[in-house]
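Letters A, B, ... mirror the listed sequences (proteins, then strands); counts begin at 1. Below, each value reflects all heavy atoms present in this structure, side chains not excepted, and no hydrogens, waters or symmetry copies. Every value quoted in this text rests on a predicted model; they were computed, and no experiment measured them.
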Amino acid sequence: MNDKQTIRILVADDDADDRMLIAEAFEEAQLNNPVDYVHDGIDLLEFLRREGTYENRREEPLPGIILLDLNMPRLDGRGALMEIRKDPELRKIPVVILTTSQSDEDIIKSYDLGVNSFITKPVTFGGLVDVIRVLNRYWIEIVSLPA
Amino acid sequence: MRANSVNIQQSVNAMDLEQAVQTTTMLHEADIGIGVYDQQLRLLSSNPMYREMRGMSDELSVIGTPFQKIMAAMIISEGLDANATEELIKNDLERLRRNGQDRLNVRSAQGDGIRLTRCVKPSGIIVETADRRDWDDGAAFDGYRGHNETQAQSRRRLLMAMDNMADGFAVFSANGTLVALNERFRELCPDIRTKLVVGVTYVEIFRAAYIAGLIDPNEVTEEEFIASKMRQWAEPEEPTVVRQNDGQWVRMAGKKQDDGSVIFIRSDVTELTRQRLKNEEIGQALTLKTKQLHHAIDNMTAGLIMFDKDHKMIFGNNQYIELFGFPKDFVKPGITRMELLAKAHEMGLFEDDSLGESTQVFQESVGSQTNSINRYFLRDGRILQVRYAPILDVGCLLLIHDITNEQKAEEQLMVNNKMLERSNAELQNFAYVASHDLQEPLRKIEAFGDRLTRKYNDVLPEDGRLYLDRIQNASGRMRQLINDLLSFSRVTSNAEEFKPTDLNIILDGVVDDIQVQLEETGGAVRAIDLPTIDADPSQMRQLFQNLISNSLKFARDGTSPIIKVSASKVFYFDHHGREVSRVEIMFEDNGIGFDNRFKDQIFAIFQRLHGRAEYEGTGIGLATCRKIIDHHSGHIDASGEDGVGATFTIELPIENLGRE
């Protein structure tokens with residue numbers, strides 16, 4: 001079992017404001033796990049596969065959980081999710097969708113593609129902090145993640 | 001026999017001699033026959049006419065000759081035997097004795113029809129008169145037959161026939177004297193009838209006519225009239241038709257004979273003339289109508305051409321020639337449809353050289369008894385619409401319209417419609433996308449505002465906190481606005497299929513949601529049983545919720561809001577004449593109401609009747625209601641009274657398949 005405090009969290013979101021708010025929410029929720037941020041699907045896959053600009057991260061462990069935005073440029077969340085689920089190295093990583101979308105179509109499609117949770121971004125910052133707290137409580141503290 | 005002579009002599013003596021002479025002369029010259037018989041039926045007296053008519057020989061004319069013998073002489077010449085004759089006479093006399101009088105139609109020895117009238121006088125004397133006057137063709141002979149006609153007999157018969165002719169005739173000798181005429185001629189000249197006797201002259205007759213006032217003296221003098229009649233005398237074959245004073249139309253025409261005599265035939269042509277005048281009138285009206293029709297046809301904007309059953313042209317108007325640009329002398333009656341079509345191709349009128357195709361069109365319409373419409377696309381860009389109409393027993397009619405402009409306008413209209421549809425769809429889409437995408441930056445404003453407040457509220461100066469407060473208030477309103485706008489646009493973009501919806505359940509759900517609010521204000525929603533209708537349930541819920549929220553929002557200060565919901569069925573006939581039932585639901589409140597002047601404004605989007613400081617709201621709620629009602633093919637209306645309350649009435653179909 002990993003030390004919970006060392007489980008890395010990877011956030012994929014193209015919106016700098018949202019990345020900042022998420023970072024602040026982690027802070028507010030007093031979550032001290034290391035967090036990495038990527039900007040789109042391609043960036044995400046390169047990070048996970050330690051390619052391109054991430055070649056120097058060969059020694060770093062894979063993230064324990066991925067918070068994935070759906071609508072991103074270049075390769076969107078759905079495309080990235082498909083790649084992750086196809087990749088035997090990456091497929092075991094739990095993926096939580098964190099998006100502004102509320103549409104049934106997006107929800108169904110995401111679960112079809114094998115997400116573990118689908119969360120619509122709360123409208124207020126307080127709501128976002130609550131979401132982060134719950135995510136932490138569940139995915140970091142309760143759930144046993146694969147090594 | 002002598003004694004009888006004495007008797008007559010005695011009676012003669014009893015009379016004034018002169019009178020007797022006159023009477024005798026009169027009897028002698030009378031044109032009716034008179035025979036007198038005594039009680040023993042012996043001849044007492046007879047005048048020459050009687051003897052002539054009776055065909056009595058000198059022997060039979062002797063006074064004292066028995067009546068039976070005179071009768072028998074006539075009958076035997078008919079060919080009856082003695083016994084039959086005797087029997088016939090016996091019957092005749094018995095009848096006479098019984099009746100006191102008798103009348104017989106017989107034929108004279110000359111073959112003339114003669115009427116015999118016998119009368120038994122009180123003294124026992126029998127008087128028999130014989131005359132020709134009352135003879136008519138249809139009367140039966142009373143047992144007597146004529147015999148072989150002599151030339152004289154047939155001449156008389158001819159004259160008699162002439163008297164009964166429909167036409168009158170008069171014969172004038174070469175010097176203009178009337179020598180013969182029939183009765184009909186007289187009848188046809190009623191005003192100068194008495195002047196028409198044998199011996200008068202042609203000129204005398206017409207002078208008499210002039211004097212009788214038959215001619216208007218203001219128009220024609222007597223001399224002119226006579227002159228005109230003399231011209232007719234010279235050329236009698238030229239018929240004249242005149243209208244007489246009695247209204248009859250009479251035609252007179254003559255025939256000059258070789259010997260210079262003239263026969264005039266005068267005929268009653270009243271009926272013929274009336275008919276002719278009527279025909280002339282009809283003919284004139286017809287000519288006028290035809291002229292009008294031709295005028296109309298030549299001034300039509302459409303080309304018109306008519307063909308007979310063999311597809312030969314009957315006529316075509318100028319526009320037809322102009323539309324196709326045919327040489328003027330080419331299009332003339334008798335030319336066939338196929339020749340015209342071939343000429344059009346030869347002139348290169350059609351866009352493609354598809355003579356075969358138009359021939360086929362032509363073949364299909366040949367003899368067709370149904371109307372059809374074809375279009376010819378001309379090389380010069382014009383589009384001609386050809387309307388084919390068969391005409392029973394005549395052929396067919398083609399009406400050609402240049403529809404180039406109409407066609408262009410129609411195409412333009414379709415383009416415009418498409419643009420309008422697209423623009424509408426874009427607008428719908430815009431409302432949705434805009435409200436959706438606006439949420440994103442708004443969320444950031446709210447979130448960072450929130451961060452600012454949380455982290456730096458204490459260090460912000462008083463006015464800085466006020467600014468921040470106002471930013472957050474404004475973004476809250478914007479959120480409300482966006483949410484309302486989203487639900488407004490979702491009425492059509494997220495529409496669901498209609499299904500039977502129990503409005504009681506819908507209302508209960510809405511009331512549950514506002515239960516806390518009702519308890520706080522002491523308000524209530526009172527509803528009677530509502531129907532089940534075909535509708536989108538989520539939209540019905542939104543409709544009810546918006547209406548009730550609206551009433552709660554505009555409650556009067558210090559008054560518990562009471563909302564009454566009632567329903568009734570209304571019936572009416574749709575434009576197909578079918579009976580349709582709809583439901584009318586009323587939401588009545590006791591709130592602040594509104595001035596009815598604004599009743600239509602309140603349903604417009606972003607329209608508010610009150611300042612934001614008084615009542616919150618985006619002005620979208622009632623607009624959404626109307627959109628939902630429109631989507632359900634219904635109708636919404638509002639009425640209010642300031643300070644009393646408002647009533648919203650919605651009318652919805654009960655059976656509803658929804659919109660396409």
Review point. Can the ring centres of F587(B) and F544(B) be said to be less than 6.0 Å apart?
Key: yes

Review point. Considering residues at least two apart in sequence or located in another chain, which fulfil the side chain to side chain contact (heavy atoms under 4.5 Å, CB included) criterion with L75(A)?
Key: I42(A), L45(A), A80(A)

Point to revise | Verdict with supporting geometry, R49(A) and D87(A), side chain to side chain contact (heavy atoms under 4.5 Å, CB included) | key: CA-CA 10 Å; R49(A) 288 165 182 163; D87(A) 191 323; 3.1 Å; yes

Review point. Do F648(B) and I602(B) come close enough that some side-chain heavy atom pair is under 4.5 Å?
Key: yes

Point to revise | V134(A): partners by side chain to side chain contact (heavy atoms under 4.5 Å, CB included), with sequence neighbours left out | key: none

Practice item. Using the test side chain to side chain contact (heavy atoms under 4.5 Å, CB included), find all partners of A567(B) that sit at least two apart in sequence or belong to another chain. Key: L530(B), P531(B), V583(B), I585(B)

I'd like a table of the N/O donor-acceptor pairs between chain A and chain B - cut-off under 3.5 Å, distance only.
| from | atom 1 | to | atom 2 | distance (Å) |
| --- | --- | --- | --- | --- |
| D15(A) | OD1 | K444(B) | NZ | 3.2 |
| D15(A) | OD2 | K444(B) | NZ | 2.4 |
| D18(A) | OD1 | R443(B) | NH1 | 3.4 |
| D18(A) | OD1 | R443(B) | NH2 | 3.1 |
| D18(A) | OD2 | R443(B) | NH2 | 3.1 |
| E24(A) | OE1 | R451(B) | NE | 2.4 |
| E24(A) | OE1 | R451(B) | NH2 | 2.9 |
| E28(A) | OE1 | R451(B) | NH1 | 3.4 |
| E28(A) | OE1 | R451(B) | NH2 | 3.4 |
| E28(A) | OE2 | R454(B) | NH1 | 3.2 |

